[in-house]
Amino acid sequence: MTVTRSGVRRLEAVPPVRGKRGRPRRRPDVVLGDRGYDHDKYRRLVWDLGVKPLIAYRGAEHGSGLGAQRWAVERAFAHLHWFRRLRIRWEVRDDIHEAFLILGCAVLCWRRLNSAVVH
């Protein structure tokens with residue numbers, strides 16, 4: 001979770017989230033963060049956007065449960081780093097890098113679905 005001014009801009013740039021009928025949501029309900037972001041400034045920035053910050057407190061015991069959700073995201077990044085073109089960004093143009101990112105996600109999904117059918 002990056003909640004600098006650019007991070008706040010990232011939260012503001014979230015596209016509408018599909019879900020229930022009615023007005024589409026523009027922001028997530030909750031943002032997860034580790035102990036490095038345990039500061040009132042960051043919590044306030046996120047709350048001002050109407051998003052609940054779930055940030056582990058410094059000095060609190062481990063086992064808050066935040067790691068389980070964050071681990072899935074970290075694992076996805078690790079899987080994308082299997083692809084050399086995504087590990088180090090060589091492309092100058094954003095659209096080319098995004099295309100390789102989409103291809104990498106598609107290959108990972110295909111591998112996951114293919115292994116689920118075999119087992």
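Index from 1, following the sequence.
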Task: All ring pair (Phe, Tyr, Trp, His ring centres under 6.0 Å) counterparts of H97, not counting sequence neighbours - done: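 Not a single residue meets the ring pair (Phe, Tyr, Trp, His ring centres under 6.0 Å) criterion with H97.
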Task: Partner set under ring pair (Phe, Tyr, Trp, His ring centres under 6.0 Å) for W47, not counting sequence neighbours - done: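 Testing W47 for ring pair (Phe, Tyr, Trp, His ring centres under 6.0 Å), a comparison that skips the adjacent residues, returns none.
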Open item on the list: Students often mix this up, so state it plainly: with edges at 30° and 60°, are the rings of H79 and W82 parallel, tilted or perpendicular?
Closed with: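 Rings of H79 and W82: parallel, under 30°.
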- [ ] Kindly compute the distance separating CG (D48) from CZ (R43), expressed to the nearest 0.5 Å.
- [x]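 Reported value, rounded in 0.5 Å steps: 14.0 Å.
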TODO: Any pair with a residue in residues 76-92 that passes salt bridge (Lys or Arg N to Asp or Glu O under 4.0 Å), sequence neighbours left out, goes on the list, sorted by first then second residue, please.
DONE: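 Pairs touching residues 76-92 that pass the test: R85-E91, R89-D94.
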Open item on the list: Holding to side-chain contact (heavy atoms from CB on, under 4.5 Å), I want the full list of residues that pass it with L101, two or more places apart in sequence or in another chain.
Closed with: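 For L101, the residues satisfying side-chain contact (heavy atoms from CB on, under 4.5 Å) (neighbours in sequence not counted) are L80, L86.
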Task: Given V107, L113, N114, the one that forms side-chain contact (heavy atoms from CB on, under 4.5 Å) with R111 - done: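 Passing option: V107.
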- [ ] May I ask you to list the residues sharing a hydrophobic cluster with W90, side-chain cutoff 4.5 Å, ordered by chain and number?
- [x]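 Its cluster partners, ordered by chain and number, are I88.
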TODO: Report the C-alpha separation of K52 and D29 in whole Å, then their side-chain angles, then the decisive distance to 0.1 Å, and conclude whether the side chain to side chain contact (heavy atoms under 4.5 Å, CB included) test is met.
DONE: CA-CA 6 Å; K52 179 181 178 184; D29 292 331; over 6 Å; no
Open item on the list: For D95, give me all partners under side-chain hydrogen bond (donor to acceptor under 3.5 Å, both in side chains), at least two apart in sequence or on another chain.
Closed with: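 Only R93 meet the side-chain hydrogen bond (donor to acceptor under 3.5 Å, both in side chains) criterion with D95.
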TODO: Apply side chain to side chain contact (heavy atoms under 4.5 Å, CB included) to F83 and L103, showing your working.
DONE: CA-CA 10 Å; F83 302 105; L103 280 172; over 6 Å; no
